[in-house]
Amino acid sequence: EPDATVRGKLGVQEYLRLQATVKQHLLSASQAKKNLTSSTLLSKDAFCKFFHLSYDNTFAEKFYGYVARHSGHKASEDSIPCQSLVFAVGSLIKGAAGARATALFHLFSDGKDDMSKEATTAMFSTLLTTYFLLGWYDFRMGAGSRAPMPTTKSPEVPASNANPSGAEESPKGGEKEAKADEGEYTVAQQFKDQQEAAKKRAAEAAVERNYMELATVDSMQGSQIGHLVDGVNADWTESPNLTLDKFHSWVSKSSASLIDVLRSFVYQACLVAPDAEVEYPRHLTLRPRVTAESSILSTADVLQLSLANERLQHDWELTYSSARDGLSFNRLVHGIMGYSGPTLFVIRNSAGDVFGAYAGCPWKESNQFQGDGSCFLYTLKPHFRLLQPLTTSYAENHYMYLNTRGYQVEHGLGFGGKEGDLRIWLSAGFDDCRVQSFGHSYDYGKLCTPKPGTSRELDLDSVEVWGLGGPSAMSSRERHRKDDAKMFDDMKSLKESTKRALVEDAFNQEMFLSKNFQHRQSAEGGSIQ
């Protein structure tokens, strides 16, 4: 059983009651209803301690108010029925997406059908930060609370008292030898000391890691996420406030996984012990692991993009970066060819606008369009918006295009539109890039500001391509590169052997290479006249 220090110093009985009621609802709502009565109360203090976020002092209060309203109580009351908590939590994490979106909106709007821009910013800040910390951080206890615990099963220790873990031995050598001589320092005691030292080092490392991770919370506050907040109201100009209808429309088009953040948080808060090693269910939303530093995207940008589409909630591997590899089209193609998974293109122009495209299929050289309905375009700055693929016959499956070898066609890479008039076009020399607001295959929408004095020319500043296919896709790319290298070597060997055979053949020497071999006649005493 957890002691009084677990869950933010929440009392043992209160904690067990709260966890049990929520778990009952998650596993069997009908059973929970039978076991709970309206007289089973939970104090406001216990509730706020349980759901307190160390980086957000207002979330617990808002959550408590939402639960209280759900049962007809007031947020100012000192206690609420546990039954209310169970079914209020159920409205956030169970049921249809539309109903969960409404519940999430009402939680942050204090039950109203609209909220100010300040409240909208606070909602995004809380959800993005919570999403960032999901999976490894105990929200109620602060940094370092999820340090990995050493195993409780003692392994076999050699009779020589060797130190297999490499941990610093304690007590020190002299004291240890003295105790060994006295028969007091046993193998079990040695292992215990090693275990304590390993636990201490792990805790210190976790504190340092969590401190560095929590420093990113500042990047998800206020003006740093303004372009994400502005995206919600991008198509609405009549009111600066965010209404429930606007929120529903925006979530369905541009951020389908946003409403799943609290579901994952509640699962972790109510069902997972702080130090448990848990395999999370597939439907829970966990942040992606970005394996390299981006020169274009902030942490909040990565989180918002991954919440926009679940296909982006995988490891991000940087396959090409103009900051790292130079602004080179050949290197871009080299980074994506053979990669067997989806890729995300991130483009920034000289005006600072950021936009791009998601390619759901592997790239291949072709004079035909490729791709499928999993592809989409997006704009990130000055405001965030997804442009979904069209599935009508008009779309003509013009989702992706790559041609660097074909004759009588432009060489380059693009998305949407039609040949010679693509929605996004990166020319083979990066010297004639173009972008436009309409075209085949994707929703209408402005992607970026064109080059001054032009209607659609792209003044390219930087490009990144992220691979989302995992280790198997990277292995596929390496195999492709090895095959290419082998084919090049084979062609080189064939060319050399063919040339050698041509030179050594007597008939060829006489018919085609006679001038090249006139020196032989001279050496043999013949005339070159």
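The distance from atom CZ of Arg481 to atom CZ of Arg479, rounded to the nearest 0.5 Å, is 13.0 Å. Distance check: Phe105 CZ to Lys246 NZ gives 9.5 Å after rounding to the nearest 0.5 Å. Distance check: Leu402 CG to Leu426 CG gives 10.5 Å after rounding to the nearest 0.5 Å. Rounding to the nearest 0.5 angstrom, the gap separating the OH atom in Tyr401 from the CG atom in Leu422 is 7.5 Å. Note: Glu293 CD to Glu464 CD = 9.5 Å, rounded to the nearest 0.5 Å. Summarising the geometry, atom CD belonging to Gln313 is positioned 6.5 Å from atom CG belonging to Leu307; distances are rounded to the nearest 0.5 Å.
Here the closest non-hydrogen pair linking Thr319 and Gly467 is CG2-N, 3.8 Å. Shortest non-hydrogen contact noted between Gly470 and Tyr339 is N-OH, 3.7 Å. Across Tyr320 and Leu327, no two heavy atoms sit closer than the pair OH-CA, 3.6 Å. Shown here for Pro362 and Ser340, the closest heavy-atom pair between the two residues is CG-O, 3.4 Å. Residues Pro389 and Gly373 share a closest heavy-atom pair of CG-O, 3.1 Å. Nearest heavy atoms, Pro288 versus Leu312: CB-O, 3.8 Å.
For the 3.5 Å distance criterion, the side chains of Asp432 and Ser427 fail to qualify, holding no donor opposite an acceptor. Using modelled atom types and a 3.5 Å distance limit, the side chains of Trp363 and Thr343 yield a donor-acceptor pair. Residues Thr449 and Asp353 bring a donor and an acceptor atom of their side chains to less than 3.5 Å of each other. Side-chain atoms of Asp325 and Ser321 form no donor-acceptor pair, as typed in the model, at a separation below 3.5 Å. Asn330 and Ser328 share no donor-acceptor pair across their side chains, judged by distance under 3.5 Å alone.
Within the 4.5 Å cutoff, the side chain of Phe329 has no heavy atoms near those of the His411 side chain. Side-chain contact between Arg423 and Leu387: present, with at least one pair of heavy atoms (C-beta onward) separated by less than 4.5 Å. Counting heavy atoms from C-beta outward, Phe415 and Met400 have side chains that approach closer than 4.5 Å. Within the 4.5 Å cutoff, no side-chain heavy atoms of Ile347 are placed close to those of Leu447. Counting heavy atoms from C-beta outward, Leu104 and Phe247 have side chains that approach closer than 4.5 Å. A heavy-atom distance below 4.5 Å is found between the side chains of Leu297 and Trp316. Under the 4.5 Å side-chain criterion, counting only non-hydrogen atoms from C-beta, Thr291 is not in contact with Leu318. Side-chain contact between Lys451 and Leu458 is absent, with no heavy atoms from C-beta onward closer than 4.5 Å.
For Glu457 (side chain) and Pro450 (main-chain N/O), no donor-acceptor pair under 3.5 Å exists by modelled atom type. Side-chain atoms of Ser255 never come within 3.5 Å of backbone atoms of Val251 as a donor-acceptor pair (strictly under, hydrogens ignored). With hydrogens and angles disregarded, a donor-acceptor distance shorter than 3.5 Å links the side chain of Ser252 to the backbone of Ser249. Listed for the Arg311 side chain is a donor-acceptor partner under 3.5 Å among the backbone atoms of Ser374. Remark: the backbone N or O of Gly231 is not paired with any side-chain donor or acceptor of His383 at under 3.5 angstrom. In this structure a side-chain-to-backbone donor-acceptor pair under 3.5 Å is present from Asp301 to Ser298. When atom types are taken as modelled, the side chain of Gln388 and the backbone of Phe376 share no donor-acceptor pair closer than 3.5 angstrom. Side-chain N or O atoms of Ser125 include none that pairs as donor or acceptor with a backbone N or O of Thr121 at under 3.5 Å. In this structure, the side chain of His398 engages the main chain of Gly417 through a donor-acceptor pair within 3.5 Å. Panel note: side chain Tyr399, backbone Cys361; no donor-acceptor pair is recorded below 3.5 Å.
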Chi angles and distances behind the side chain to side chain donor-acceptor pair (under 3.5 Å) call for Asp421, Gln436: CA-CA 9 Å; Asp421 191 28; Gln436 54 186 339; 2.9 Å; yes
Just do the side-chain contact (heavy atoms from CB on, under 4.5 Å) check on Asn349 and Leu460 with the steps written out, would you? CA-CA 5 Å; Asn349 67 3; Leu460 194 63; over 6 Å; no
Begin from the C-alpha positions of Asp245 and Thr243 and carry the test side chain to side chain donor-acceptor pair (under 3.5 Å) through to its verdict. CA-CA 5 Å; Asp245 289 339; Thr243 66; 5.4 Å; no
What do the steps show when you test Gln304 against Leu128 for side-chain contact (heavy atoms from CB on, under 4.5 Å), and what is the final call? CA-CA 7 Å; Gln304 183 56 69; Leu128 288 177; 4.3 Å; yes
Give the intermediate values and the outcome of side-chain contact (heavy atoms from CB on, under 4.5 Å) for residues Leu380 and Leu228. CA-CA 7 Å; Leu380 190 59; Leu228 303 178; 4.0 Å; yes
Any chance you could lay out the salt bridge (Lys or Arg N to Asp or Glu O under 4.0 Å) test for Asp443 and Lys253, step after step, and finish with the verdict? CA-CA 11 Å; Asp443 287 339; Lys253 292 180 179 179; over 6 Å; no
As a quick check of understanding, evaluate side-chain contact (heavy atoms from CB on, under 4.5 Å) for Arg100 and Ser91, giving each step before the final call. CA-CA 6 Å; Arg100 288 189 287 118; Ser91 68; over 6 Å; no
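For the side chain to side chain donor-acceptor pair (under 3.5 Å) with Tyr131, the qualifying choice from Ser257, Ser264, Ser306 is Ser306, the only one to do so. Of the candidates Thr379, Leu305, Ile225, Leu305 is the only one forming a side chain to side chain contact (heavy atoms under 4.5 Å, CB included) with Phe384.
For Glu317 and Arg477, the salt-bridge test fails: no basic side-chain N is under 4.0 Å from an acidic carboxylate O.
The six-membered or imidazole ring of Trp250 lies near that of Phe124, with a centre-to-centre distance under 6.0 Å. In this structure, Trp425 has its ring center no closer than 6.0 Å to that of Phe430. In summary, the aromatic rings of Tyr358 and Phe345 are positioned with their centroids too far apart to meet the 6.0 Å limit.
For Ser462, the side chain to side chain contact (heavy atoms under 4.5 Å, CB included) partners are Ile296, Ser322, Arg348, not counting sequence neighbours. Taking the side chain to side chain contact (heavy atoms under 4.5 Å, CB included) definition, one finds that His248 meets it with Ala101, Thr102, Leu244, sequence neighbours left out.
Atom CD of Glu365 has more than 12 neighbouring heavy atoms from other residues, nucleotides or ligands inside a 6.0 Å radius. Remark: Arg331 CZ is loosely packed, at most 12 non-hydrogen atoms of other residues, nucleotides or ligands lying under 6.0 Å away.
Ring pair Tyr444/Phe438 is parallel by interplanar angle, where below 30° counts as parallel and above 60° as perpendicular.
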